[in-house]
Amino acid sequence: MKVLNVAEKNDAAKNIAFFLSEGGMTRREGFSKFNKVYQFQCFLQGQKCDMVMTSVSGHLLNWEFVGAYRNWNGCSPESLFDAPVVKFCPDNYTDIKRTLEREVRSANKLIIWTDCDREGENIGFEIITVCTAIKPNIQIYRAKFSEITSQSIKRALQTLGQPNKLVSDAVDVRSELDLRIGASFTRFQTLRLQKVFPILADYLLSYGSCQFPTLGFVVERYLERERFIPEPFWKIRVTHTIDDLTVEFRWQRDRLFDENVCQALLLKCQENPLAKVEKVDGKPKSKWRPTPLDTTEMEKIASRKLRLSAKETLKIAEKLYTQGLISYPRTETNIFPGTINLSSLVQLQTDDPNWGGFAARVLNDGPNPRQGKKSDQSHPPIHPIKYTNSLQGNEWKVYELVVRHFLACVSKDAKGHETVVSIDINTEKFTASGLMILEKNYLEVYPYESWNSKAIHLYTVGQTFEPTVLEMTSSQTSPPNLLTEADLISLMEKHGIGTDATHAEHIETIKSRMYVGLEDNIHFVPSAVGMGLVEGYNHMGFEMSKPNLRAELEADLKRICEGTRQPSQVLREQIDKYRTLFRKAKEQVNKIDAAIGKYTQSTAVVLNPEDDPLSAQMQTFDRVLPCKNCGMDMVLRRTNDLQKFFLTCVAFPQCKGSVWFPKKVLDAKVSDTSCPKCGPRVKLIDFKFSPGSMAPYYPQNFTGCINGCDTEFIEMLDISHQLQG
DNA sequence: GCAAGGTC
């Protein structure tokens with residue numbers, strides 16, 4: 001019995017093979033130098049098997065347009081909503097595909113070991129597609145695991161299930177839509193604006209369902225700041241200094257927006273400026289330990305405290321995961337499951353010189369996680385699963401963060417004692433507070449947060465004192481800050497834009513498109529082009545830069561996973577929705593022109609209709625019938641010199657299913673008509689022949705039903721061959 | 001020259 005095992009990446013394959021073989025695997029080369037083949041024997045379903053373990057590198061296949069639709073000037077951007085797409089293995093991945101094809105020939109079973117998330121399920125089906133093309137009846141299983149440890153991997157092998165087609169389908173819908181919408185709007189914006197604004201001639205003006213809302217967040221915050229009108233306000237300030245200690249009292253009214261009223265209240269205080277202590281409250285105060293670590297929280301802490309970009313943090317965490325040091329780093333979960341053995345995880349850390357003592361104390365008290373509220377039902381919060389002290393640089397910093405956060409969240413809240421003193425100055429009330437920290441607890445191991453004691457004088461109820469300062473201060477409200485990377489990630493997470501793994505990339509994209517820039521190296525500001533694009537669509541009344549559109553799709557994808565919605569139906573609805581938006585955007589494109597003109601301070605070039613890259617000269621292909629070779633669309637085209645017509649398979653040159661008509665065909669037009677057999681979806685081709693040709697021997701019109709029910713079309717093709725001959 | 005999602 002030979003079993004082919006395929007993981008999502010080489011590191012995972014190596015470690016899984018290591019655990020299943022107890023370290024006894026051998027290694028040989030695959031066609032791809034990055035994806036090795038590991039071999040060992042082990043028991044599966046009571047039978048000793050020859051195991052072959054290899055890997056892909058993420059997605060193996062990618063949606064692509066075919067033939068003429070790849071060419072920016074070969075079709076109208078709008079036709080991309082309906083253009084055929086194929087799943088294609090990119091050149092740099094064909095080596096991986098060849099390894100799978102070679103190894104599956106001799107295998108009886110196939111086990112999918114891709115990550116247990118939505119994309120992983122889809123990658124699993126890509127592997128299945130490739131393998132079953134070679135071996136249609138191979139037995140297929142899905143291994144389910146959420147961390148690469150000996151225990152989890154062995155359990156996964158003993159509890160093999162089936163791959164989940166619904167989850168994979170949802171990914172196919174998502175990815176096909178991303179391509180169609182992204183490509184059509186990108187070409188639309190780019191082709192139009194490059195022509196209308198010569199200064200943008202070298203710009204690529206992309207649109208994407210994630211990058212645009214990300215840009216939208218930056219623009220929105222910028223505008224909030226711009227529109228902000230500061231309001232002056234006034235406060236009464238009271239301090240009390242004895243020796244070196246100054247205690248600041250807070251006015252119970254906080255601040256007033258009327259200077260005269262504030263002035264009057266101050267005068268009242270000054271009439272009898274003796275403070276009387278009315279109340280001294282002492283109460284325990286806690287600072288809560290953090291909740292278990294999820295991906296975005298890790299990215300945010302690393303961005304703020306370690307000065308690592310989200311992109312870098314995730315890359316490092318991924319490496320630590322594949323080395324078996326930490327659990328899966330892409331998780332939305334911040335609740336530890338009951339099944340996890342926290343004590344043994346804490347135990348692993350007790351030898352460390354920095355936090356070993358703390359870990360030992362946690363063990364003594366018993367780990368007690370503060371639980372969050374989110375769960376993705378597949379991965380636990382990020383935690384260390386192996387001890388190491390041999391990492392360097394940023395890898396060490398990220399590992400340290402994961403360990404310290406883990407120990408912190410299973411320890412105890414910091415405890416303190418707060419004193420609140422309330423005073424009265426001629427009926428105006430003020431308070432001051434002091435804090436004494438009693439037990440640092442989690443803060444001992446968690447340097448990313450601080451909590452400072454605040455000293456206060458000893459006051460007793462009924463005591464009176466003369467304030468050191470009693471004055472009015474003026475200030476004004478301040479606008480919200482521009483967004484930092486951490487802020488932007490929070491917004492993306494909140495609105496479901498991108499995944500844990502891609503937040504950082506979308507931010508990179510809008511930077512590289514010159515839609516946004518950085519101020520002070522920290523705060524995001526939109527560029528003129530970024531502002532113009534967002535405003536242009538806003539003026540049409542479209543929420544292109546708002547997160548709502550994506551959120552609606554996300555909800556439908558969830559329903560596909562649950563089996564309550566058909567993938568094909570969701571796909572059709574979404575395509576229809578965006579096609580409608582696209583048509584309206586095309587009609588009102590002057591609104592984008594106007595906005596871009598305004599922000600870039602340049603004048604729009606007035607285009608002649610024939611120069612408009614989006615106008616009639618751009619062909620929209622009419623699908624005439626399915627190609628006999630490959631089933632893709634056949635469309636009617638004319639050569640560049642206008643000499644000849646031909647029916648071409650849109651997959652050309654991959655398919656080469658084109659049919660040429662003789663020069664004697666002077667004109668050919670496609671129009672809609674109805675089919676007597678199967679309804680309205682029929683194309684009619686009218687041919688006009690040159691005088692004196694053989695045409696009179698043949699009917700002038702040929703009808704072909706695009707559903708393929710009508711045989712006349714096939715006859716026509718045969719005739720065209722005869723004519724050519 | 002397009003997207004977003006994997007990963008190298």
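By convention in this document, chain letters (A, B, ...) are assigned in the order of the sequence lines, proteins followed by strands, and residues within each chain are numbered from 1.
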Reckon [X] touches a base, only the sugar-phosphate, or nothing at all at heavy-atom distances under 4.0 Å?
X	result
A:Gly498	sugar-phosphate
A:Phe185	nothing
A:Gln194	base
A:Asp115	sugar-phosphate
A:Ser175	base
A:Arg118	nothing
A:Thr190	base

*asked:* For B:dA3, is there a stacking contact with A:Tyr207, counting only centres under 5.5 Å and planes under 30°?
replied: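 Aromatic stack with B:dA3 absent for A:Tyr207.
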For [X] and [N], what is the distance between atoms [atom1] and [atom2] respectively, to the nearest whole Å?
X	N	atom1	atom2	result
A:Lys33	B:dC8	NZ	P	14 Å
A:Lys311	B:dC8	NZ	C1'	13 Å
A:Leu571	B:dA3	CG	P	19 Å
A:Lys9	B:dG6	NZ	C1'	9 Å
A:Asp202	B:dG1	CG	C1'	11 Å
A:Ile123	B:dT7	CD1	P	6 Å
A:Lys87	B:dA4	NZ	P	17 Å
A:Ile497	B:dA3	CD1	P	16 Å

Nearest listed nucleotide, side chain of [X], among [options]:
X	options	result
A:Asn62	B:dG1, B:dA4, B:dT7	B:dA4
A:Glu8	B:dG5, B:dC2, B:dG6	B:dG6
A:Arg174	B:dG1, B:dG6, B:dA4	B:dA4
A:Thr499	B:dT7, B:dG5, B:dA3	B:dG5
A:Glu318	B:dA3, B:dT7, B:dG1	B:dT7
A:Phe65	B:dA3, B:dC2, B:dG6	B:dC2

*May I ask you to establish whether A:Arg180 and A:Tyr578 are in a cation-pi arrangement, using a distance under 6.0 Å from NZ or CZ to the six-membered ring centre and at most 45° from the ring axis?*
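No; the conditions do not both hold, so A:Arg180 does not lie above the ring face of A:Tyr578.
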*Backbone of A:Pro77 reached by a side-chain donor or acceptor of A:Ser184 within 3.5 Å*: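 Not at all, since once roles are kept as given, no pair shorter than 3.5 Å links the two residues.
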*For the pair A:Ser303 (side chain) and A:Ser309 (backbone), establish whether a donor and an acceptor sit closer than 3.5 Å, ignoring hydrogens and angles.*
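Between the backbone of A:Ser309 and the side chain of A:Ser303 there is no qualifying donor-acceptor contact (under 3.5 Å).
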Does a nitrogen or oxygen in the side chain of [X] sit under 4.0 Å from OP1 or OP2 of [N]?
X	N	value
A:Arg513	B:dA3	yes
A:Arg330	B:dT7	yes
A:His59	B:dA4	no
A:Thr186	B:dG1	no

*asked:* Please compare A:Ser184 and A:Lys315 by the position of their nearest nucleotide in DNA chain B and report the one closer to 5'.
replied: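 The residue closer to the strand's 5' end, by nearest nucleotide, is A:Ser184.
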_Both A:Thr322 and A:Gly182 contact DNA chain B. Taking the nearest nucleotide for each, which residue is further toward the 5' end?_
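On the 5' side of the pair lies A:Gly182.
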_Pairwise distance CG(A:Asn394) to CD1(A:Ile316) - rounded to 0.5 angstrom_ =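 That separation rounds to 4.5 Å.
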*Would you say A:Asp202 has more than 12 foreign heavy atoms packed within less than 6.0 Å of its CG?*
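Check fails, neighbour count at 12 or below.
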*Crowded around A:Gln392 CD? As in, over 12 foreign heavy atoms under 6.0 Å?*
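No, not enclosed.
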*Is any side-chain N or O of A:Glu505 under 3.5 Å from a base N or O of B:dG6, one able to act as donor and the other as acceptor?*
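When only heavy-atom distances are counted, A:Glu505 does not reach the base of B:dG6 through any donor-acceptor pair under 3.5 Å.
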*Kindly say whether, by distance alone, the side chain of A:Tyr93 makes a donor-acceptor pair under 3.5 Å with the base of B:dG6?*
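Side chain to base: pair present.
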*State plainly whether the residues A:Glu485 and A:Lys511 are in salt-bridge range, i.e. N to O under 4.0 Å.*
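Salt bridge flag = no for A:Lys511 with A:Glu485.
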